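Only one structure is covered here, and it is reproduced in the block below.
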Amino acid sequence: MSDVRKKFAGHDDVVFLALNKDEDESQVGVFLKEKQFEGTLVFADGLDSLLKVESIPTIIILDHAGKVAYRAQGFVPDNFVDALSAQSRRRLAAWGNEKPASP
């Protein structure tokens, strides 16, 4: 996620959030510091149920109206960064915020 987040660093209309579902929130800070996590973390507080998150990771791209524009479940390390970056660019292009990437 860090690599994808860096690719969209200049886009004010792109926000990446990590959703934490741990019941013991006191351990989260220690884990994030240990893993040198970059980005914004929010606690689920029902958001996971609302968005029907059933597996980790679940990647969801919301449009400007808050509707799900893209959803992927699972992690494929070989092409994760490229696939998520491409989907993000497609959604931005569809919304008129970025030109589609060249093939």
Side-chain angles (χ1 to χ4, degrees):
M1 285 299 294
S2 178
D3 291 341
V4 178
R5 191 174 23 260
K6 288 174 187 173
K7 288 184 177 205
F8 292 90
H11 291 273
D12 293 338
D13 53 347
V14 177
V15 177
F16 292 90
L17 300 174
L19 185 68
N20 185 294
K21 192 175 174 170
D22 288 328
E23 292 183 19
D24 184 0
E25 294 179 4
S26 68
Q27 298 300 310
V28 175
V30 174
F31 176 81
L32 295 177
K33 188 173 184 176
E34 178 182 304
K35 297 297 181 184
Q36 299 177 350
F37 177 81
E38 298 173 5
T40 303
L41 176 85
V42 296
F43 289 100
D45 292 333
L47 187 57
D48 53 328
S49 295
L50 178 70
L51 294 174
K52 298 179 177 128
V53 174
E54 297 174 2
S55 66
I56 297 172
T58 296
I59 305 297
I60 299 172
I61 297 177
L62 302 175
D63 67 13
H64 292 119
K67 294 183 181 180
V68 175
Y70 172 79
R71 170 186 289 272
Q73 293 182 180
F75 179 70
V76 181
D78 292 341
N79 69 351
F80 178 80
V81 172
D82 293 336
L84 182 53
S85 296
Q87 282 296 331
S88 298
R89 281 192 194 91
R90 279 190 206 108
R91 301 305 163 197
L92 285 170
W95 301 324
N97 295 346
E98 183 172 295
K99 294 179 183 176
S102 303

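Remember, predicted model here, so these are calculated numbers, not experimental data. Quick note: residue numbers are just sequence positions, from 1.
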- Identify, with sequence neighbours excluded, every residue that meets side-chain contact (heavy atoms from CB on, under 4.5 Å) alongside D48. L19, K21, A44, V53
Quick one: does [X]'s side chain get under 4.5 Å of [Y]'s, heavy atoms only?
X: T58; Y: R71; result: yes
X: D82; Y: K7; result: yes
X: S85; Y: F8; result: yes

Point-to-point distance, once rounded to the nearest 0.5 Å, from [atom1] of [X] to [atom2] of [Y]:
X: E54; Y: K52; atom1: CD; atom2: NZ; result: 9.0 Å
X: F16; Y: I59; atom1: CZ; atom2: CD1; result: 9.0 Å
X: E34; Y: Q36; atom1: CD; atom2: CD; result: 9.5 Å
X: R5; Y: T40; atom1: CZ; atom2: OG1; result: 7.5 Å

Linking I/L/V/M/F/W/Y whenever any side-chain heavy atoms sit under 4.5 Å apart, do [X] and [Y] land together?
X: F43; Y: L32; result: yes
X: V42; Y: V28; result: no
X: I60; Y: V14; result: no
X: I61; Y: V15; result: no
X: F37; Y: L17; result: no

- Query: Looking only at heavy atoms, what is the nearest atom pair of S2 and E38, with distance?
  - Reply: OG-OE1, 3.4 Å
- Query: CZ of F31: more than 12 outside heavy atoms within 6.0 angstrom?
  - Reply: no
- Message: Holding to side-chain hydrogen bond (donor to acceptor under 3.5 Å, both in side chains), I want the full list of residues that pass it with S26, two or more places apart in sequence or in another chain.
- Response: D24
- Is N79 reaching over with its side chain to a backbone N or O of A83, donor-acceptor style, under 3.5 angstrom? no
